[in-house]
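Single-structure report; data block below.
Computed from a prediction, not measured in an experiment: that's the story for all the values here.
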Amino acid sequence: MQRYFIDRDVNESESTIGFDKETLHHMLRVMRMGIGSSFYLVDQSQQTFIATITQIHDQELEVSLQVDKVKSAEMPVKVTIAVGLPKGDKLEWITQKATELGAFSIIPLDTTRTMVKWKEDKSQKKIQRLQKIAKEAAEQSHRSLVPFVDQVHSLKDLCSKASDYTASLVAFEDSARQGETSHFASLVSKVKSGDSILMIFGPEGGFDQNEIDFLQSQGVVPCGLGPRILRAETAPLYALSAISYQTELINERG
């Protein structure tokens with residue numbers, strides 16, 4: 001069944017749900033839903049319902065609601081990825097795939113070697129576009145939460161929030177070249193349910209040493225992600241996959 005998010009809390013006893021025009025168009029025209037059709041409805045508290053349409057109006061649907069008791073698809077740890085602004089539409093691709101892999105939030109990052117600069121007048125439209133991509137990917141992957149796409153941060157802005165996380169790491173290609181894998185491997189093996197992780201990734205040109213020195217001075221730990229040098233759009237997905245494997249497959253069996 002198709003999944004849709006609504007930005008308010010929902011009570012099981014409700015019978016009328018309002019939707020924006022775009023969502024209603026997708027339901028009634030694209031998915032061709034009608035009376036008797038069912039879909040998943042997720043409210044802002046991450047509660048999921050199975051909604052069955054009983055009547056159709058211009059901007060709202062009459063529905064019968066039943067709480068969905070299927071286990072949540074959310075990762076037990078909250079992983080925020082901060083990504084140096086890449087060229088082209090790579091950040092859209094990263095946002096889509098990171099959402100599918102369970103990211104909690106996404107922070108675009110302006111760094112020394114960032115080749116792309118977002119002008120202030122267009123930045124908000126780009127963020128809105130990324131947020132829409134995250135919402136659609138969350139619906140497709142049956143998540144209970146839409147990752148929040150934050151405003152563009154500088155490293156200074158980002159580090160002011162580092163203490164909010166259980167652990168903060170930065171992927172650094174020099175660490176990979178030197179064979180350093182213990183920091184990331186140690187983190188992944190020790191994380192537990194409820195932890196929060198900040199993973200920082202550079203743009204195509206990576207971080208310069210001054211940036212790494214600054215991050216370290218703020219308590220962020222440099223780490224390698226295996227023996228190979230990964231592209232800017234690959235590294236965040238590698239990290240999310242490794243954390244998911246450990247927390248959702250290995251720890252689940254243990």
Side-chain angles (χ1 to χ4, degrees), residues 77-95 97-98 101 103-124 126-127 130 147-188 190-191 195-243:
V77 296
K78 296 179 179 179
V79 183
T80 292
I81 60 168
V83 183
L85 290 173
K87 294 182 291 185
D89 60 359
K90 290 180 181 178
L91 190 54
E92 294 186 2
W93 191 83
I94 292 170
T95 297
K97 302 309 175 187
L101 288 168
F104 178 75
S105 61
I106 300 163
I107 303 176
L109 199 57
D110 187 13
T111 70
T112 300
R113 294 176 179 169
T114 297
M115 299 178 68
V116 177
K117 300 295 181 182
W118 285 6
K119 294 182 179 179
E120 188 173 344
D121 59 338
K122 293 184 178 180
S123 179
Q124 194 56 42
K126 290 180 180 292
I127 295 296
L130 294 172
F148 174 64
V149 182
D150 211 332
Q151 301 297 319
V152 177
H153 281 46
S154 67
L155 283 182
K156 184 177 180 180
D157 294 334
L158 185 65
C159 286
S160 69
K161 302 178 179 180
S163 61
D164 296 339
Y165 298 88
T166 306
S168 301
L169 290 90
V170 55
F172 187 40
E173 60 185 19
D174 280 5
S175 296
R177 289 193 185 100
Q178 295 163 13
E180 193 291 307
T181 57
S182 60
H183 290 153
F184 182 68
S186 176
L187 168 72
V188 171
K190 293 177 181 177
V191 292
D195 283 350
S196 59
I197 301 168
L198 173 63
M199 289 290 306
I200 306 171
F201 306 90
E204 285 91 348
F207 290 108
D208 68 25
Q209 189 59 53
N210 289 333
E211 290 175 318
I212 294 298
D213 291 343
F214 172 71
L215 288 168
Q216 284 188 280
S217 74
Q218 303 300 305
V220 179
V221 178
C223 67
L225 299 177
R228 292 167 293 280
I229 305 302
L230 304 178
R231 290 180 181 270
E233 65 269 31
T234 307
L237 308 185
Y238 175 97
L240 284 165
S241 297
I243 295 169

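In this structure, the side chains of V191 and T166 stay at 4.5 Å or more apart for every pair of heavy atoms. At a threshold of 4.5 Å between non-hydrogen side-chain atoms, the residues L91 and P86 count as touching. In this structure, the side chains of Q209 and I212 come closer than 4.5 Å at one or more pairs of heavy atoms. Residues L237 and F201 fail the side-chain proximity criterion, which asks for heavy atoms closer than 4.5 Å. Side-chain contact check for S196 versus T80: every heavy-atom pair is 4.5 Å or farther apart. No side-chain heavy atom of H153 sits less than 4.5 Å from a side-chain heavy atom of D110. Counting only heavy atoms from C-beta outward, the side chains of I200 and L109 approach each other to under 4.5 Å.
Here the shortest heavy-atom pairing between G202 and F207 reads N-CE1, 3.2 Å. In this structure, M199 and C223 approach most closely via the heavy-atom pair CE-SG, 4.5 Å. Residues I94 and E233 share a closest heavy-atom pair of CD1-CA, 3.7 Å. Across A162 and L198, no two heavy atoms sit closer than the pair CA-CD2, 4.5 Å. The two residues R113 and D208 come nearest to each other via the heavy atoms NH2-CB, 3.5 Å. Of all the heavy atoms in Q151 and I107, the pair that sits closest is O-CG2, 4.0 Å.
Remark: L130 CG to E92 CD distance equals 6.0 Å, nearest 0.5 Å. How far CG of L158 is from OG of S168: 8.0 Å, rounded to the nearest 0.5 Å. Remark: F184 CZ to Y238 OH distance equals 6.5 Å, nearest 0.5 Å.
By the neighbour-count criterion of 12 heavy atoms within 6.0 Å, atom NZ of K122 is sparsely surrounded, having that number or fewer from other residues, nucleotides or ligands. No more than 12 heavy atoms of other residues, nucleotides or ligands shown are found within 6.0 angstrom of CZ on R231.
Checked by atom type and distance alone, the side chain of Q216 never pairs as donor or acceptor with a backbone atom of D213 at under 3.5 Å.
Residue pairs meeting the salt bridge (Lys or Arg N to Asp or Glu O under 4.0 Å) criterion with at least one member in residues 150-170, sequence neighbours excluded: D150-K161.
Taking 4.0 Å as the cut-off between side-chain N and carboxylate O, E204 and K90 count as a salt-bridged pair.
Applying the side chain to side chain contact (heavy atoms under 4.5 Å, CB included) test between P108 and each of T95, V152, V83 identifies V152 as the sole match.
In this structure, the side chain to side chain donor-acceptor pair (under 3.5 Å) partners of T111, at least two apart in sequence or on a different chain, are T114.
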